[in-house]
2 protein chains.
Amino acid sequence: MAGTGTAEGGTRADAVRNRRLLLDAAAAEFAEHGMDVPIARIAARAGVGKGTVFRHFATKEQLLAAIFGHRLDELSAVGQGLLDARDPGAALLAFMTEGVRMQAGDRMFCQAVTALARTEPQLRAASERLIGVAEALTARARRAGSVREDATGHDVVLLLGAATQAAAPLGGTLPGLWRRYVHMIFDGLRPGAAHPLPEPPPTTAQLAAAAKTSATS
Amino acid sequence: MAGTGTAEGGTRADAVRNRRLLLDAAAAEFAEHGMDVPIARIAARAGVGKGTVFRHFATKEQLLAAIFGHRLDELSAVGQGLLDARDPGAALLAFMTEGVRMQAGDRMFCQAVTALARTEPQLRAASERLIGVAEALTARARRAGSVREDATGHDVVLLLGAATQAAAPLGGTLPGLWRRYVHMIFDGLRPGAAHPLPEPPPTTAQLAAAAKTSATS
DNA sequence: ACCTGAACACCGTTCAAGT
DNA sequence: ACCTGAACACCGTTCAAGT
């Protein structure tokens, strides 16, 4: 137990180390410069050769998917922690606030997740986990009468991207603006102003179906 | 008056014709394949040489800006037409519905506008016009008691992008889903469920300031 | 097994000729 | 004036050598 932390399988020690260095470097570069930073730049920041990036992630998109998938899982964990809060409505609002905060710092995120979830199964899996947690939080809030009866966890997750997008055009100059839209959109989830909706909520089955449509490109 | 329709100035007839062919071809290609279609493909569809594209639009971004700017102006016109509708609340909802419908067909749009409004003055001007119309519609709806007192036209325009983004991940499989989120988000604008907002609305002055920040890249 | 950088393909942009 | 396609630069991806 000398502590080099070698992972399972025959993976070499430098490989696991490089993988982590790459993920960290990529996360930083993507956050700072958007998703079209040259891969060479990421490799340089990680201190490895350009070819090494492609040994770990077959494509640039897979590298993005790995980072965003991890991010979604972090949010799922936050949601889990809120499941036994006293006020279910406040818990749901806190979940949404945290979800949007995560994205608002970064550029792109929601666009990237939208574009990549279609092609990268890893991201789709993380999305489904997140939707599961969101549904649990939403169900509690519905039962408490804090949100409208027709709102689902899937709605809540999609509205995270919505609030982020609303604030994005001015995110540079008004770094706190996203909070305004989280609250406005949450007000739309309250029972008070609820009007009938013209379309049913999406189901997880439809999420899976959406992935297959990607073949048409 | 033989009808070749030459524009003002010394612009040659083939030039104005090519410009239009390019705009049409580009709009179609962008809508179908997203904003990373090769410019060569657009040129081919328009039936002109690749170099001609860059004679008319110095950069690919400017071509995108021209298309989206025009689109925003179309929406401004729709908004103008709704200014004397009988029910101001319904008029505002119709404006938002139309705005989101425009974007939902296409891929990208709101991401593109977000990214480009910073650098392309043409797009910023179109945005400001749109915000002006939206504010007029919103003011009427406020006075009629159909929307909350603290909602502005700027909010409304930003929420168009929000609703589009909400539906985007499943837009391929559930083409009508955007309507659900237009209504949900509009419910957040109603006076019924309104709670105090943590941040003030953006002002047009701040929009202008955001453009200058772009130098830091 | 994994790392590396040179080599390849693709695409945005420029430019020297053409009309 | 404007059109054109060949030439250039840049970046994602592949691969033959290296350890």
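Just so we're clear, the structure is a prediction, and the values are computed from it rather than from any experiment. Residue numbers begin at 1 in each chain, while the letters A, B, ... track the order of the sequences.
- Counting all heavy atoms, side chain and backbone alike, B:A26 lies closest to B:I67 at CB-CD1, 3.5 Å.
- Between B:R124 and B:E128 a salt bridge is recorded (basic side-chain N to carboxylate O distance below 4.0 Å).
- Residue A:N18 places no side-chain N or O under 4.0 Å from the OP1 or OP2 atom of C:dC2.
- B:D73 places no side-chain N or O within donor-acceptor distance of the main-chain N or O of B:H70, the cut-off being under 3.5 Å.
- Using a cut-off of 4.0 Å between Lys/Arg side-chain N and Asp/Glu carboxylate O, B:R45 and B:E32 are scored as salt-bridged.
- No donor-acceptor pair closer than 3.5 Å links the side chain of B:R180 to the backbone N or O of A:P198.
- Between the CG atom of A:L22 and the C1' atom of C:dT4 there is a distance of 13 Å, rounded to whole Å.
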Taking N or O atoms only and anything under 3.5 Å, show me the protein contacts with nucleotides 11-18 of chain D, one pair per line.
{"from": "D:dG12", "atom 1": "OP1", "to": "A:K60", "atom 2": "NZ", "distance (Å)": "2.8"}
{"from": "D:dG12", "atom 1": "OP2", "to": "A:I39", "atom 2": "N", "distance (Å)": "2.7"}
{"from": "D:dT13", "atom 1": "OP1", "to": "A:T59", "atom 2": "OG1", "distance (Å)": "3.0"}
{"from": "D:dT13", "atom 1": "OP2", "to": "A:K60", "atom 2": "N", "distance (Å)": "2.9"}
{"from": "D:dT13", "atom 1": "O4", "to": "A:K50", "atom 2": "NZ", "distance (Å)": "3.1"}

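- Side-chain contact between A:H154 and B:L170 is present, with heavy atoms from C-beta onward closer than 4.5 Å.
- Residue-environment remark: CZ (B:R101) exceeds the threshold of 12 foreign heavy atoms within 6.0 Å.
- Annotated stems with DNA chain D as a participant read C:4-8 with D:12-16, C:12-16 with D:4-8, given as range with range, by first number; only runs of 3 or more Watson-Crick or G-U pairs under 3.5 Å qualify.
- Neither OP1 nor OP2 of D:dC2 sits under 4.0 Å from any side-chain N or O of B:H56.
- Among the heavy atoms of the strands, none lies under 4.0 Å from A:V53.
- Ion pairing of B:R71 with B:E74 is absent here, as no side-chain N (NZ or NE/NH1/NH2) approaches a carboxylate O to less than 4.0 Å.
- When the P atom of D:dT4 is taken as reference, atom CZ of B:R55 falls 11 Å away, rounded to whole Å.
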